[in-house]
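Heads up: the structure comes next, in structure tokens.
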Amino acid sequence: MTGTLQKPADNIPLAMALAVLTALLIAAMNLFGKFLGESFDALEITFFRNISALIFLMIGLVLLRKLRYTKTQRPYAQALRALCGTLGIFFGFWACTLMPLADASALIFTQPLWVVLLSYPLLKERVGPWRIAAVVIGFSGVLIMTGPGGGEHMTPFNISIGLLAGFFSGVVAICLRWLGQSEPAQTTVFYFLFFGAILTFAPLPFMGSSIPTLSFSPAILPLVAALGIFGVSSLLVKTYSYRLGDAALITPVSYTMIIWAGIFDYAFWDKIPSLTVLGGAALIIASNLFILWRENTKKNKTEENKRVLYETPAD
């Protein structure tokens, strides 16, 4: 028996069901982050999310006797991925405290657009005119959202925070391409939360935060616990869904997050996304799906060329 990771057999129905569950879990995590935003700033919320999720993950690893997942062969790579991911979570929570959840989610969906823009300078991957056109259309959706019908919360500053959340999520995707998937999902999640907790706690005493000496009230503790449960669950479920099915099938399902976010906005704050925001979000999502389709088509074409090359008999 070797230490090589084995990819489970594809199970498309289960993979898509897990993708829907991931979207719900992330929307729920953002919901509780928004609740905490009434008393804490985005850095404190990010710390709450990381430390509580880490505690729940450790409890699970201890109960399942799988502490081996806390060992890594690539600590520096894990630290880099954690830094980028933590910045993405931080700006994501900040965006959720500044605007309705559905609006913030639409801006975070710019992640694939940033991946395209970063692919050439960071990975030297060729980016064709079709994907560049899709990026332009996607960011046109952002401009539409900033129009008069977007709402008073759609200020340049708030938009910038949402775009930064999408940007750092895109950087994480680039890191994963660069680093590969050489370690189990549980290990990557553990170090993401471990380094993220350290990164977000370190500056708090210098910012006048009350967290280091905070006595949790009965009202705060359940919110922090829910934030951690939904946070770690979304990470594990998302990772496993991508091991069971191709990204071309799973990614479109993940956009159901904006539906859950809209439901939460209406249920708790009586907010309904404006037609301007919905139109801009539709352009962003459509451009993302086009980019995904192009990448999947290119991948299939490359695999077909390889198959023909190796199956063609020599003269």
Side-chain angles (χ1 to χ4, degrees), residues 1-26 28-29 32-33 45-90 92 168-169 171-202 221 224-247 249-251 254:
M1 182 175 179
T2 66
T4 303
L5 295 177
Q6 298 296 322
K7 183 182 184 299
D10 285 354
N11 186 331
I12 301 305
L14 179 57
M16 297 184 73
L18 291 176
V20 173
L21 178 59
T22 299
L24 173 58
L25 292 172
I26 294 175
M29 181 188 70
F32 285 100
I45 298 170
T46 307
F47 169 72
F48 281 143
R49 182 262 193 186
N50 288 335
I51 193 65
S52 57
L54 180 61
I55 290 172
F56 285 116
L57 178 63
M58 286 301 300
I59 291 174
L61 293 179
V62 170
L63 293 177
L64 296 174
R65 298 181 179 181
K66 292 187 177 181
L67 287 176
R68 65 182 182 276
Y69 287 126
T70 61
K71 298 179 181 179
T72 178
Q73 301 298 320
R74 310 183 69 185
Y76 297 111
Q78 293 286 6
L80 176 62
R81 183 255 187 268
L83 172 62
C84 298
T86 299
L87 286 171
I89 294 293
F90 165 70
F168 281 107
S169 295
V171 173
V172 169
I174 292 291
C175 285
L176 292 176
R177 283 191 190 182
W178 173 52
L179 298 174
Q181 298 179 352
S182 59
E183 295 191 309
Q186 296 91 330
T187 300
T188 298
V189 171
F190 170 77
Y191 281 98
F192 175 30
L193 298 173
F194 175 73
F195 286 123
I198 295 174
L199 289 169
T200 50
F201 179 79
L221 191 56
V224 174
L227 192 70
I229 291 172
F230 287 118
V232 71
S233 298
S234 66
L235 286 170
L236 294 173
V237 173
K238 179 180 180 180
T239 301
Y240 196 64
S241 70
Y242 276 90
R243 295 187 68 198
L244 290 175
D246 193 89
L249 294 173
I250 296 173
T251 301
S254 67

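Predicted model only: the values in this text are computed from it and were never measured.
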**Message:** Could you check whether atom CZ of Phe194 has more than 12 heavy atoms from other residues, nucleotides or ligands sitting under 6.0 Å from it?
**Reply:** no
**Prompt:** Got a sec: does the CZ of Arg68 have more than 12 other heavy atoms crowding it under 6.0 Å?
**Reply:** yes
Using 0.5 Å steps for rounding, measure from the [atom1] atom of [X] to the [atom2] atom of [Y].
| X | Y | atom1 | atom2 | value |
| --- | --- | --- | --- | --- |
| Arg49 | Ile89 | CZ | CD1 | 4.0 Å |
| Leu54 | Tyr191 | CG | OH | 11.0 Å |
| Leu87 | Thr46 | CG | OG1 | 9.0 Å |
| Phe56 | Leu236 | CZ | CG | 13.0 Å |
| Leu57 | Phe190 | CG | CZ | 7.5 Å |
| Phe90 | Asn50 | CZ | CG | 12.0 Å |

**Prompt:** Within the side chain of Thr187, is there an N or O that forms a donor-acceptor pair under 3.5 Å with the backbone of Tyr69?
**Reply:** yes
How far apart are the closest heavy atoms of [X] and [Y], and which atoms are they?
| X | Y | answer |
| --- | --- | --- |
| Gly228 | Ser52 | CA-OG, 3.0 Å |
| Leu227 | Gly33 | CD1-N, 3.6 Å |
| Gly85 | Phe192 | C-CE1, 3.6 Å |

**Asked** Can you list the steps and then say if Met58 with Thr70 is a side-chain contact (heavy atoms from CB on, under 4.5 Å)?
**Response** CA-CA 9 Å; Met58 286 301 300; Thr70 61; 4.2 Å; yes
**Item:** Stepwise side-chain contact (heavy atoms from CB on, under 4.5 Å) check, Leu235 with Leu193
**Value:** CA-CA 10 Å; Leu235 286 170; Leu193 298 173; 4.1 Å; yes
**Message:** Using 30° and 60° as the class boundaries, would you call the ring planes of Phe201 and Phe47 parallel, tilted or perpendicular?
**Reply:** tilted
